[in-house]
Amino acid sequence: MKNIFFTVLAAIALLSVTSCSGQPKTRDILPQDDSLSVCKSPADTFTVAVVGDIMMGNTFPKDRLPAQDGKNLFSDVKDILRAADIACGNLEGTIAVSGRPRKNPESPMAFMFMMPPRYTQHLVDAGFDYVGLANNHIYDFFDEAMTQTEDNLRKAGLGFSGAKDPNGKTPHQEYYTKEFDRGLKAGFCAFGHEDYSLRTRDTATVRRIIRSLKEEHGCNIVIVCFHGGCEGSGARHLPYGSEMFYGDERGFLRDFAHFAVDCGADIIYGHGPHVVRAVELYKDRFIAYSLGNFCTAGMGTKGLTGNAPLITVRTDRSGRFLDAKIHSFLQQPMQGPRKDPTNSAAKEIARLTKDDMKNSALNIAEDGNITRKQD
């Protein structure tokens, strides 16, 4: 088969998968433009689409929702997401109807996000299968809204994991698994830097979850997402060591990503800085250190924070990297990610990878194609 990133789908196919809840789910794979084409993986490969922060609108303290109630937020990206075997992102906020605000609503820096439960259908229609909850906004309205978020995602058939009740009263889902009719099984987990998420610094828990997915659950591929790092345009470069933001320790992200791979992870994608960062190939496993914002409604849609990449990663059945592609989009205020013919996100990730990953094993072309360097 020709390389999947250069093949245009000529027909409509159905991909039927089963979630950990046992409920079957079908996804239409639609014809696409040449520039965005991704064909369904052959039996011996696996294609994963990963994106960064998703906050589809806000109902707190008053409604600030996108046009047409968000139905077209993902119109430019859904073909790619649906064509992948699995599509993942970070849910930056709650999907709930109630909860006591954790921060002072009068403060201009008190960002708190609550999305309407009906918006879960937008994620389903776009083709998402899993969202990580290990971020600094999942607890904006304490455990009440966090639990509602999980319930709404579960009802929609969407996978999730990573949240934690810091008081230890309510159990939350640590990981998620999904089986495919091609004899493949994928495992997912998420880690952050707050005490209301599974933490990147808790190496014992990181090791336990990843090894459990591989060894006890028999997952062919394990996908790990993390939320961490400094924020803003000054946080483009990936440092060595710890990152601090307003006195908050936000992870040793190189160390975490490498440790996760050492434990058995196959694809790792990060978010949190609101800008993109470098990508890396470590022990034949793909790492994206920050995918920045993806669909954040009216926030972070200008300049560098407006870059909204979608990366499709192709692996073999054991999770070994084969190739990838950065699909470049730009956020439009209250409209979602839209096609970017200038490929600005891909070019930015290529620049940062050259600067921050000495002796990188990856080639990144201007059109976003990522291949392994030849020895």
Side-chain angles (χ1 to χ4, degrees), residues 5 8-9 27-38 48-58 64-84 87-93 113 115-116 119-128 131 232-233 236 269 271 273-277 279 288 290-313 324-352 364-370:
F5 300 118
V8 181
L9 290 175
R27 178 187 304 144
D28 292 330
I29 300 180
L30 305 175
Q32 307 159 48
D33 295 339
D34 289 347
S35 60
L36 300 177
S37 63
V38 178
V48 180
V50 291
V51 303
D53 294 346
I54 300 169
M55 190 274 290
M56 298 175 283
N58 200 3
R64 181 173 169 77
L65 301 174
Q68 296 185 301
D69 207 28
K71 292 181 180 179
N72 295 320
L73 283 173
F74 302 109
S75 59
D76 280 21
V77 299
K78 63 183 180 181
D79 285 354
I80 303 173
L81 295 172
R82 289 176 176 179
C88 318
N90 172 58
L91 186 66
E92 185 82 343
F113 304 138
M115 291 162 271
Y119 276 31
T120 56
Q121 190 60 42
H122 298 335
L123 298 172
V124 173
D125 292 344
F128 284 103
V131 289
S233 58
R236 297 164 57 243
Y269 68 100
H271 31 75
H274 302 297
V275 290
V276 301
R277 284 182 167 182
V279 297
S290 177
L291 296 175
N293 297 332
F294 185 64
C295 181
T296 52
M299 299 189 65
T301 59
K302 296 181 180 180
L304 290 174
T305 59
N307 278 322
L310 187 167
I311 300 184
T312 47
V313 186
K325 183 176 178 66
I326 305 165
H327 305 266
S328 294
F329 296 89
L330 290 172
Q331 286 206 78
Q332 299 299 321
M334 307 303 286
Q335 296 181 43
R338 294 294 178 256
K339 297 174 185 178
D340 174 21
T342 69
N343 290 324
S344 60
K347 293 174 183 177
E348 173 74 350
I349 292 173
R351 283 191 295 266
L352 293 170
I364 305 176
E366 285 196 357
D367 63 358
N369 284 302
I370 305 176

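This chain uses plain numbering: 1 for the first residue, then up along the sequence. Both backbone and side-chain heavy atoms feed into the values below; hydrogens, waters and symmetry mates do not.
Note that CE of M55 is 4.5 Å distant from CZ of F113, once rounded to the nearest 0.5 Å. Residue R277 holds its CZ atom at 11.5 Å from CG of L291, rounded to the nearest 0.5 Å. Residue D76 holds its CG atom at 11.5 Å from CG of L310, rounded to the nearest 0.5 Å. Here CD of Q335 is found 10.0 Å from CD of Q68. Values are rounded to the nearest 0.5 Å.
The only option from L73, D53, T301 that meets the side-chain contact (heavy atoms from CB on, under 4.5 Å) definition with C295 turns out to be L73.
Looking only at distances, a side-chain donor or acceptor of N293 sits under 3.5 Å from a matching main-chain atom of G300. A donor-acceptor pair under 3.5 Å links the side-chain atoms of R82 to the main chain of D125, judged by distance alone. Side-chain atoms of K325 come within 3.5 Å of backbone N or O of D367 as a donor-acceptor pair.
Nearest heavy atom pair, residue A288 against residue I311, reads CB-CD1, 4.4 Å. Closest approach of T312 to A49, counting heavy atoms only: CG2-CB, 4.0 Å. Here the closest heavy-atom approach between residue K78 and residue S75 is recorded as CG-O, 3.9 Å. V313 approaches A324 most closely through the heavy-atom pair CA-CB, 4.0 Å. Across all non-hydrogen atoms, the minimal contact from L352 to V276 is CD1-O, 3.3 Å. Scanning all heavy atoms of the two residues, the minimum distance from S290 to V275 falls at OG-O, 2.6 Å.
For F294, there are no ring-ring contact (aromatic ring centres under 6.0 Å, His included) partners, not counting sequence neighbours. Residues passing the side chain to side chain contact (heavy atoms under 4.5 Å, CB included) test with S233 are L304, sequence neighbours excluded. In this structure A126 satisfies the side chain to side chain contact (heavy atoms under 4.5 Å, CB included) test together with F74, L81, F128, sequence neighbours excluded. With sequence neighbours left out, the ring-ring contact (aromatic ring centres under 6.0 Å, His included) criterion links H274 to no other residue. The side chain to side chain donor-acceptor pair (under 3.5 Å) test applied to E366 returns no partner, not counting sequence neighbours. Qualifying side chain to side chain contact (heavy atoms under 4.5 Å, CB included) partners for I364, counting only residues two or more places apart in sequence or in other chains: V279, I326, I349, A350, T353, I370. Partners of Q332 by side chain to side chain donor-acceptor pair (under 3.5 Å), not counting sequence neighbours: none found. With sequence neighbours left out, the side chain to side chain donor-acceptor pair (under 3.5 Å) criterion links T296 to Q331. The salt bridge (Lys or Arg N to Asp or Glu O under 4.0 Å) check on R351 picks up E348, with sequence neighbours excluded. By the salt bridge (Lys or Arg N to Asp or Glu O under 4.0 Å) test, D69 is found to be paired with R118, residues two or more places apart in sequence or in another chain being considered. Applying the side chain to side chain donor-acceptor pair (under 3.5 Å) test to D340 and every residue at least two apart in sequence or in another chain returns T342, S344.
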One pair to check against side-chain contact (heavy atoms from CB on, under 4.5 Å): L123 and I54. What are the steps and the verdict? CA-CA 10 Å; L123 298 172; I54 300 169; 4.2 Å; yes
Set out, in order, the CA-CA distance, both residues' side-chain angles and the distance that settles side-chain contact (heavy atoms from CB on, under 4.5 Å) for K339 and F329, then state yes or no. CA-CA 5 Å; K339 297 174 185 178; F329 296 89; 4.0 Å; yes
Step by step, work out the side-chain contact (heavy atoms from CB on, under 4.5 Å) result for V48 and Y269. CA-CA 11 Å; V48 180; Y269 68 100; over 6 Å; no
Would L330 and N307 count as a side-chain contact (heavy atoms from CB on, under 4.5 Å) if you check the C-alpha gap in whole Å, the side-chain angles of each, and the deciding distance to 0.1 Å? CA-CA 5 Å; L330 290 172; N307 278 322; 3.4 Å; yes
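Side-chain contact check for P66 versus K71: every heavy-atom pair is 4.5 Å or farther apart. Residues M299 and N58 have side chains not in contact (no heavy-atom distance under 4.5 Å, counting atoms from C-beta outward).
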